[in-house]
A.B. asks: 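Attaching a single structure in structure tokens format; questions to follow.
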Amino acid sequence: MTAPANIRPANDAALAEAAAILNAGGLVAFPTETVYGLGADARNGRAVARIFEAKRRPQFNPLIVHVPGLSEAGQLVTFNPLARKLAESFWPGALTLVLPRKPDSGLSLLVSAGLDTVAVRAPSNALARDLLAASRCPIAAPSANRSGSVSPTTAAHVAESLNGDVDLVLDGGPTTLGIESTVIGFEGDAAVMLRPGAIPRETIEDLAGPLRAADGTISSPGQLASHYAPKAALRLNAKDIADDEALLAFGPDVPTGGRRVLNLSAHGNLTEAAANLFAMLRELDASGIARVAVMPIPAHGLGEAINDRLQRAAAPRETT
Ligand code: TXA
Ligand code: MG
């Protein structure tokens with residue numbers, strides 16, 4: 001798509017429009033103190049799927065959920081004492097905390113790429129805070145650039161990178177920090193550096209004590225173990241189904257038989273399929289089915305990320 005982006009100077013009218021777009025499942029780019037984010041309602045799986053579509057990211061990486069503060073974050077994730085202390089000290093600000101997702105968080109599973117954890121952050125940028133207040137929704141937002149290009153620090157950068165793939169760009173001027181937030185996870189109650197960022201390690205260590213290194217095999221973002229893997233064995237590109245298999249279907253033409261069928265998108269819509277992917281894999285796992293046949297998924301658009309995830313889920317398990 002090459003339509004120009006709809007850039008709006010930040011004022012009350014633009015803010016109300018941006019909130020309405022988020023509530024209707026659209027995408028809004030907005031400034032934070034670090035970089036511009038590409039935001040969607042974190043509870044709306046279709047809206048979150050559109051983020052990946054707009055970024056043309058061929059993989060589903062877990063996203064940061066932006067909230068006004070600790071009490072709102074506490075409705076989404078479970079804080080350990082150190083995490084609470086860090087949030088009390090650095091929020092609002094450029095610190096992201098990866099914590100266990102609450103079962104009743106209401107968040108799309110796509111937000112955390114199927115993981116049991118969610119990254120949460122309360123931004124300090126005034127416009128970001130106004131948008132959180134006006135929309136009254138948790139906002140999932142990666143940096144507002146296409147995959148592989150640098151993170152945007154002005155509305156013009158966003159517009160150049162995303163063109164018309166974002167419904168509205170709120171222009172709040174250049175961001176003050178210019179690099180992404182520091183991402184901290186936890187192993188038990190010990191803090192782990194997952195991504196260095198705008199708050200220096202030393203500043204966090206003054207409060208938290210020595211941070212563990214992100215052990216590549218366990219907690220480094222983008223590594224195998226940071227991705228959800230189903231227990232069931234997956235058979236990809238299945239055109240038929242065996243009696244002992246469940247079927248993860250796609251599209252209107254579904255083979256009959258098997259133990260159970262869940263359809264990622266009966267209409268063959270890849271955005272809908274992306275929104276359903278992790279929830280359906282989990283539903284099949286929860287039902288205890290050991291073998292799942294997966295119908296072919298087209299390779300274009302979000303199909304690339306869906307296939308990437310399915311291929312990794314189908315690969316022989318590595319123990320970590
Ligand atoms: O400053 C920032 O953090 C910006 C602004 C918009 O808030 N956002 C940003 O998002 O940089 P993104 O999607 O580009 O980077 C999110 C980082 C990635 O390294 C991702 O792997 C990690 O956070 N992350 C998110 N959720 C995670 C999870 N559940 N477990 C482990 N890592 C996670
Ligand atoms: Mg990024």
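Order of listing sets the numbers, starting from 1, for every ligand and every atom in it.
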A.B. asks: Quick test of your reading of the model: are Asp41 and Arg43 salt-bridged, counting only N-O distances below 4.0 Å?
C.D. replies: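 Yes, Asp41 and Arg43 are salt-bridged.
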
A.B. asks: Any nitrogen or oxygen of Arg121, main chain or side chain, under 3.5 Å from a nitrogen or oxygen of ligand 1?
C.D. replies: yes

A.B. asks: Are Val35 and Leu194 grouped together when hydrophobic residues (ILVMFWY) are joined by side-chain heavy atoms under 4.5 angstrom apart?
C.D. replies: no

A.B. asks: From the options Lys55, Arg50, Arg56, select the one residue that forms a side chain to side chain donor-acceptor pair (under 3.5 Å) with Asp165.
C.D. replies: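 For Asp165, the side chain to side chain donor-acceptor pair (under 3.5 Å) test succeeds with only one of Lys55, Arg50, Arg56, which is Arg56.
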
A.B. asks: Checking the N or O distance criterion of under 3.5 Å, is ligand 1 in contact with Arg195?
C.D. replies: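 Between Arg195 and ligand 1 (N or O atoms, distance only) the closest approach is under 3.5 Å.
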
A.B. asks: Is it true that Ser143 lies under 4.0 Å from ligand 1, counting heavy atoms only?
C.D. replies: yes

A.B. asks: Are any of the side-chain nitrogens in Asp240 or Arg235 under 4.0 Å away from the carboxylate oxygens of its partner?
C.D. replies: yes

A.B. asks: Between Glu33 and Arg121, does any side-chain N to carboxylate O distance fall below 4.0 Å?
C.D. replies: yes

A.B. asks: Under 4.0 Å from a heavy atom of Thr117: which atoms of ligand 1 are those, numbered in the order shown and with their elements?
C.D. replies: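 Heavy-atom distances to Thr117 below 4.0 Å select 28 (C), 29 (N), 30 (N).
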
A.B. asks: Heavy-atom distance to atom 8 (N) of ligand 1: which of Ile64, Leu194, Asn61 wins?
C.D. replies: Ile64

A.B. asks: Determine, considering heavy atoms only, which of Ala29, Gly178, Pro62, Gly37 sits nearest to atom 33 (C) of ligand 1.
C.D. replies: Pro62

A.B. asks: Run the numbers for me: atoms of ligand 1, each under 4.0 Å from some heavy atom of His66, listed by number.
C.D. replies: 5 (C), 6 (C), 7 (O)

A.B. asks: Run the salt-bridge test on Arg57 and Asp308 with the 4.0 Å N-O cut-off and return the result as yes or no.
C.D. replies: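 A salt bridge is absent here (no side-chain N lies under 4.0 Å from a carboxylate O).
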
A.B. asks: Using distance alone, decide if ligand 1 has a nitrogen or oxygen within less than 3.5 Å of any nitrogen or oxygen in Glu180.
C.D. replies: no

A.B. asks: Test your reading of the structure: does Ser181 have an N or O sitting under 3.5 Å from an N or O of ligand 1?
C.D. replies: yes

A.B. asks: Ignoring hydrogens and angles, tell me if any N or O in the side chain of Tyr36 forms a donor-acceptor pair with the backbone of Asp171 under 3.5 Å.
C.D. replies: no

A.B. asks: Suppose we only count N/O/S atoms under 2.8 Å; would Ser143 qualify as near the Mg ion (ligand 2)?
C.D. replies: yes

A.B. asks: With a 4.5 Å limit on heavy-atom distance, are the side chains of Met280 and Leu264 in contact?
C.D. replies: yes

A.B. asks: Which ligand 1 atoms are under 4.0 Å away from a heavy-atom of Ala141?
C.D. replies: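 In order of numbering, the contacting atoms are 6 (C), 8 (N), 10 (O).
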
